[in-house]
2 protein chains.
Amino acid sequence: MTATPPGLRERKKQATREALREAALRLAVERGPDRVRVEDIAEAAGVSPRTYNNYFASREQAIVSAVTADREARIAAAVAARTADVRLADAVTEAVVEQYTNTGERAHEALLLITTRPALRDAFLDTTAGIEPPLAAVIAERLDDTGAHTARVLAASVAAAVRIALETWLRPTGDADTAGTLVVPSGPLPDQLRTALAPLAPAFDAAEQRTQT
Amino acid sequence: MTATPPGLRERKKQATREALREAALRLAVERGPDRVRVEDIAEAAGVSPRTYNNYFASREQAIVSAVTADREARIAAAVAARTADVRLADAVTEAVVEQYTNTGERAHEALLLITTRPALRDAFLDTTAGIEPPLAAVIAERLDDTGAHTARVLAASVAAAVRIALETWLRPTGDADTAGTLVVPSGPLPDQLRTALAPLAPAFDAAEQRTQT
DNA sequence: CAGGAAAGATGCGTGCACGCAAGTTTGCGT
DNA sequence: ACGCAAACTTGCGTGCACGCATCTTTCCTG
């Protein structure tokens, strides 16, 4: 299908995107998020400020995207990896939990920074919307193509639930001045995610039921 | 509870907000959305441009809010009006359909304009997120307070579904130059809404079941 | 391999969002 | 009725997002 080897153009684009992500995160960590201007990020990545905005629509997006990276694709893949003998609801839940707990070392450092500034926090939460399209695709695959509409709604609901889980997880953040304490805010993230996704299970079961008939 | 009579301060604030909404929509209709600057809206409403931004975080929000107004509250009320003898899922669905089809005459004219400009279209779709909090509240009321978490997730899912319904409804919009033709883009909106909300019904039933035990 | 088309990078200009620090109005206790 | 405190408005300054026109790079086709 999409087996065409990348091509120089595309590779350069990804390299630039990567460089911007990297530069944004590094600078934000180094001097604090407020003291990084778009101009600085662009310069550090070796492109013009205008080009920066061809890749990211806001200053926050670049920083956040260094952490979230290709999480959307990985979630979709993780769902697809679960064979049809596990309930769809479980497959999705486990895939989500898996991908949100596998945050690398660097992500931890960055998350402290992100949860501090409201603007970054919001941008981070907004990334959950991005998991909808790929999720909808894999769900639709399991639902027979009669349920394409249903798949989309379920995927969007999952995205919404994940957002809520992250919100409540980040809730009681208050202090953290310069260095920041290494506290895990609310309950453990996996629990929050499972709790938030649980109410949707019946909807998944019903949808799945209808295709297995 | 909140029985304190408004008070002058609060009334003035609402008046200003109203004036801004009104001015924004009127000007946008009169000369087209692109030829309205924040400065113009502020002037028409008799406040400074800076004050405008104390009420609305973006130019689009003011225009859109003239149409969406207090839809959130009305949806919540419409759900609350349904007594406990109808399924929660149905109550919510009907309440949503009811409130989204009762668009006044003026809304129709405005909607044409909104669907034209991508920025406005996005702002309009973003308003669906606003129905979550009040919806969560009324749902929680029906679910016994053990399910506050569940209520929030369900409300967010409904918001997501409504958004999808609106998106697919607005999909094939292309023309509309000056006056605009009065075509209903896709299928009728109520159908889109019902279709989008249907997959969530099992989740509502399950939640409702658990409290009736 | 030549040459043109398509995609991307860049500079410039405009309007916008928002923090901050006054100035002004409203509300309330005495 | 007075006056203070809190809420709101406003002007200013900064950085930002993005449309448009132009120049450069990559790609494809003959």
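Chain A is the first sequence line, chain B the second, and so forth, proteins listed ahead of strands; every chain is numbered from 1.
- Annotation: A/E109, atom CD; neighbour count of heavy atoms from other residues, nucleotides and ligands within 6.0 Å does not exceed 12.
- A salt bridge is defined here as a Lys NZ or Arg NE, NH1 or NH2 lying under 4.0 Å from an Asp or Glu carboxylate O, and B/R117 with B/E60 fails to meet this definition.
- Salt bridge annotation for B/E167-A/R152: present, with a cationic side-chain nitrogen under 4.0 angstrom from a carboxylate oxygen.
- A salt bridge is absent between B/R163 and A/E132; no separation between the charged side-chain nitrogens and carboxylate oxygens falls under 4.0 Å.
- Summary of helix geometry: the two end axes of the helix from C/dC1-D/dG30 to C/dT30-D/dA1, each defined by five base pairs via their C1' atoms, are inclined to each other by 30° (rounded to 10°).
- The closest donor-acceptor contact from the side chain of A/T51 to the backbone of A/V47 lies at 3.5 Å or more, if one exists at all.
- Within residues 34-42 of chain A, the residues having any heavy atom under 4.0 Å from DNA chain D are, by residue number, A/V36, A/R37, A/V38.
- Without hydrogens or angle criteria, A/D40 side chain to A/R37 main chain gives a donor-acceptor distance under 3.5 Å.
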I would like to know whether B/V158 and B/F204 meet side-chain contact (heavy atoms from CB on, under 4.5 Å); could you show each step before the answer? CA-CA 10 Å; B/V158 168; B/F204 276 96; 3.6 Å; yes
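- A/R17 pairs by the salt bridge (Lys or Arg N to Asp or Glu O under 4.0 Å) definition with nothing, not counting sequence neighbours.
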Begin with the C-alpha distance, continue with both residues' side-chain angles, and end with the deciding distance and a verdict on side-chain contact (heavy atoms from CB on, under 4.5 Å) for A/E10 and A/Q14. CA-CA 6 Å; A/E10 194 58 26; A/Q14 290 312 325; 3.4 Å; yes
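- In the region residues 46-58 of chain A, proximity to DNA chain D at under 4.0 angstrom, judged on heavy atoms, holds for A/R50, A/N53, A/A57, A/S58.
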For the pair A/Q99 and A/R74, evaluate side-chain hydrogen bond (donor to acceptor under 3.5 Å, both in side chains) and give the outcome as yes or no after the intermediate values. CA-CA 7 Å; A/Q99 293 307 320; A/R74 287 189 292 123; 2.5 Å; yes
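- Rounded to the nearest 0.5 angstrom, B/T150 OG1 and B/D144 CG are separated by 11.5 Å.
- With B/N53 contributing its side chain and B/R50 its backbone, the two residues share no donor-acceptor pair below 3.5 Å.
- Side chain of A/Y52 to backbone of A/R59: a donor-acceptor contact under 3.5 angstrom is found.
- Where DNA chain D meets chain B (any atom under 4.0 Å from a heavy atom), the bounding nucleotides read 5' to 3' are D/dA6 to D/dC12.
- Residues of residues 9-27 of chain A that place a heavy atom closer than 4.0 Å to DNA chain C, in numerical order, are A/R9, A/K13.
- In summary, B/E22 and B/R26 do not engage in a salt bridge, as defined by a charged side-chain N under 4.0 Å from a carboxylate O.
- No donor-acceptor pair under 3.5 Å is formed between the side chain of A/T68 and the backbone N or O of A/R71.
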